[in-house]
Amino acid sequence: MERIPGCTGALVAGGKATRLGGWPKGLLRAGGETLAARAVALFRALFGEVLVVANDPAPYADLGVPVVPDALPGKGAPGGLHAALRSARTPWVFAAGCDMPFLSAVAIRFLWERRGAAPAALVEWERGLEGLHAFWSAPCLPLVERMLREGEPSLRALATAAGARVVTAAEWRLVDPDGRAFENANAPEDLRRLGLEGPGGSGPR
């Protein structure tokens, strides 16, 4: 697989997953493999560098990639994005959530090819802008850091302020008609719906 140049694949593994009994969501399993391991394998094929953002490195220590904590704790997903941008050594970062079981090389490359000259590229799907299935460039870091230090911005607010390229749902359906790439696990019913298991192969609590 030809790699996307100058980009780090960043798996954002923050959040306490309280609705899933406190499991690290990256350790949810699909087909006997953790979602984190699946994502890291995909990122290794797609990108020259890979990292995980997690305040507790222990669950991800066996992945063989750097695990970095939030530099600005308590800021949720935007804080995870900030940590990824701050830690990456490449001009670009592709940031994805650790609980996304259907990440696709074809879809990720589709988004990369539509970024144009913008400093970030995101998809506007049914629930809004998908900030954790998105490309962000290094020039976004000062803006992201300033906005995080000043308040509690959403990923949408960060993307808008950065002048991101927004791929419409109609465009995205050319590569991913049902938005499978954006599926994620937040509650036990999501595990059942997505065919996922808890760590060790157990079902949802």
Side-chain angles (χ1 to χ4, degrees), residues 1-14 25-54 57 59-68 77 80-125 129-141 144 155 159 162 164-167 171-185 194 196:
M1 184 187 301
E2 184 180 352
R3 284 179 170 172
I4 291 174
C7 189
T8 295
L11 192 65
V12 178
K25 292 200 288 185
L27 299 189
L28 297 173
R29 305 177 77 87
E33 186 178 24
T34 68
L35 299 188
R38 284 161 61 104
V40 166
L42 175 63
F43 287 177
R44 279 184 167 135
L46 269 178
F47 308 115
E49 299 196 22
V50 182
L51 61 84
V52 173
V53 179
Y60 307 101
D62 293 339
L63 294 175
V65 299
V67 181
V68 302
L81 170 64
H82 171 264
L85 287 169
R86 189 171 181 267
S87 300
R89 301 182 295 181
T90 55
W92 284 89
V93 164
F94 176 76
C98 68
D99 59 346
M100 304 176 87
F102 306 122
L103 295 172
S104 157
V106 172
I108 291 169
R109 193 176 298 279
F110 181 90
L111 181 57
W112 169 256
E113 291 171 350
R114 277 149 185 81
R115 73 197 189 286
L122 301 86
V123 179
E124 178 86 53
W125 194 243
L129 279 179
E130 296 288 346
L132 281 187
H133 186 288
F135 284 97
W136 301 82
S137 66
C140 294
L141 177 57
V144 170
L155 289 168
R165 159 79 160 98
V166 177
V167 173
E171 290 178 89
W172 189 253
R173 286 191 175 94
L174 296 173
V175 69
D176 181 17
D178 300 318
R180 292 270 285 172
F182 310 128
E183 292 279 15
N184 66 332
L194 300 174
L196 303 179

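Just so we're clear, the structure is a prediction, and the values are computed from it rather than from any experiment.
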Student: Taking C-beta and beyond as the side chain, do Trp136 and Trp92 meet within less than 4.5 Å on heavy atoms?
Tutor: no

Student: If you look at every heavy atom in Cys7 and Thr90, which pair is closest and at what distance?
Tutor: C-OG1, 3.5 Å

Student: With a cut-off of under 6.0 Å to the ring centre and 45° to the axis, is Arg180 in cation-pi contact with Phe102?
Tutor: yes

Student: Compare every heavy atom of Val68 with every heavy atom of Ser87, then report the nearest pair and how far apart it is.
Tutor: OG-CG2, 3.6 Å

Student: Mind checking the CG-OG1 spacing from Leu85 to Thr8? Nearest 0.5 Å is all I need.
Tutor: 9.5 Å

Student: Give the minimum heavy-atom separation between Gly80 and Val12, together with the two atoms involved.
Tutor: CA-CG1, 4.0 Å

Student: A side-chain contact here means heavy atoms from C-beta on lying under 4.5 Å apart; do Asp178 and Glu183 qualify?
Tutor: no

Student: Is the side chain of Lys25 donor-acceptor paired with the backbone N or O of Ala13 at a distance under 3.5 Å, no angle test?
Tutor: no

Student: Can you check salt bridge (Lys or Arg N to Asp or Glu O under 4.0 Å) on Glu171 and Arg165, steps first, answer last?
Tutor: CA-CA 12 Å; Glu171 290 178 89; Arg165 159 79 160 98; 3.0 Å; yes

Student: Under a 3.5 Å distance rule, please check whether Arg29 uses its side chain to pair with a backbone N or O of Gly32 as donor and acceptor.
Tutor: yes

Student: How about Leu129 and Val123: do any of their side-chain heavy atoms sit closer than 4.5 Å?
Tutor: no

Student: Less than 4.5 Å apart, any side-chain heavy atom of Ile4 and any of Phe135?
Tutor: yes

Student: Nearest 0.5 Å, please: how far is CD in Glu130 from CG in Leu155?
Tutor: 10.0 Å

Student: What is the distance from atom CG of Leu27 to atom CG of Leu35, rounded to the nearest 0.5 Å?
Tutor: 9.0 Å

Student: Do Phe94 and His133 have side chains that get closer than 4.5 Å, going by heavy atoms?
Tutor: yes

Student: For Leu11 and Cys98, which heavy atoms make the closest approach, and how far apart are they?
Tutor: CD1-CA, 3.6 Å

Student: On a heavy-atom basis, which atom in Gly6 and which in Pro91 lie closest, and how many Å separate them?
Tutor: O-CD, 3.2 Å

Student: Find the distance between OG1 (Thr34) and CG (Leu28) and round it off to the nearest 0.5 Å.
Tutor: 9.0 Å

Student: Taking all atoms of both residues into account, what is the closest heavy-atom pair of Arg44 and Arg3, and its distance?
Tutor: O-NH2, 3.1 Å

Student: In the structure I gave you, are the side-chain heavy atoms of Leu51 and Val65 within less than 4.5 Å of one another anywhere?
Tutor: no

Student: Is the closest side-chain heavy-atom distance between Asp176 and Ser104 below 4.5 Å?
Tutor: no

Student: If you round to the nearest 0.5 Å, how far is CG of Leu122 from CG of Leu111?
Tutor: 7.5 Å

Student: Aromatic rings Phe182 and Trp125: how do their planes relate, parallel, tilted or perpendicular, breaks at 30° and 60°?
Tutor: tilted

Student: Do we get Arg114 above Trp172's six-membered ring, with its NZ or CZ under 6.0 Å from the centre and within 45° of the axis?
Tutor: no

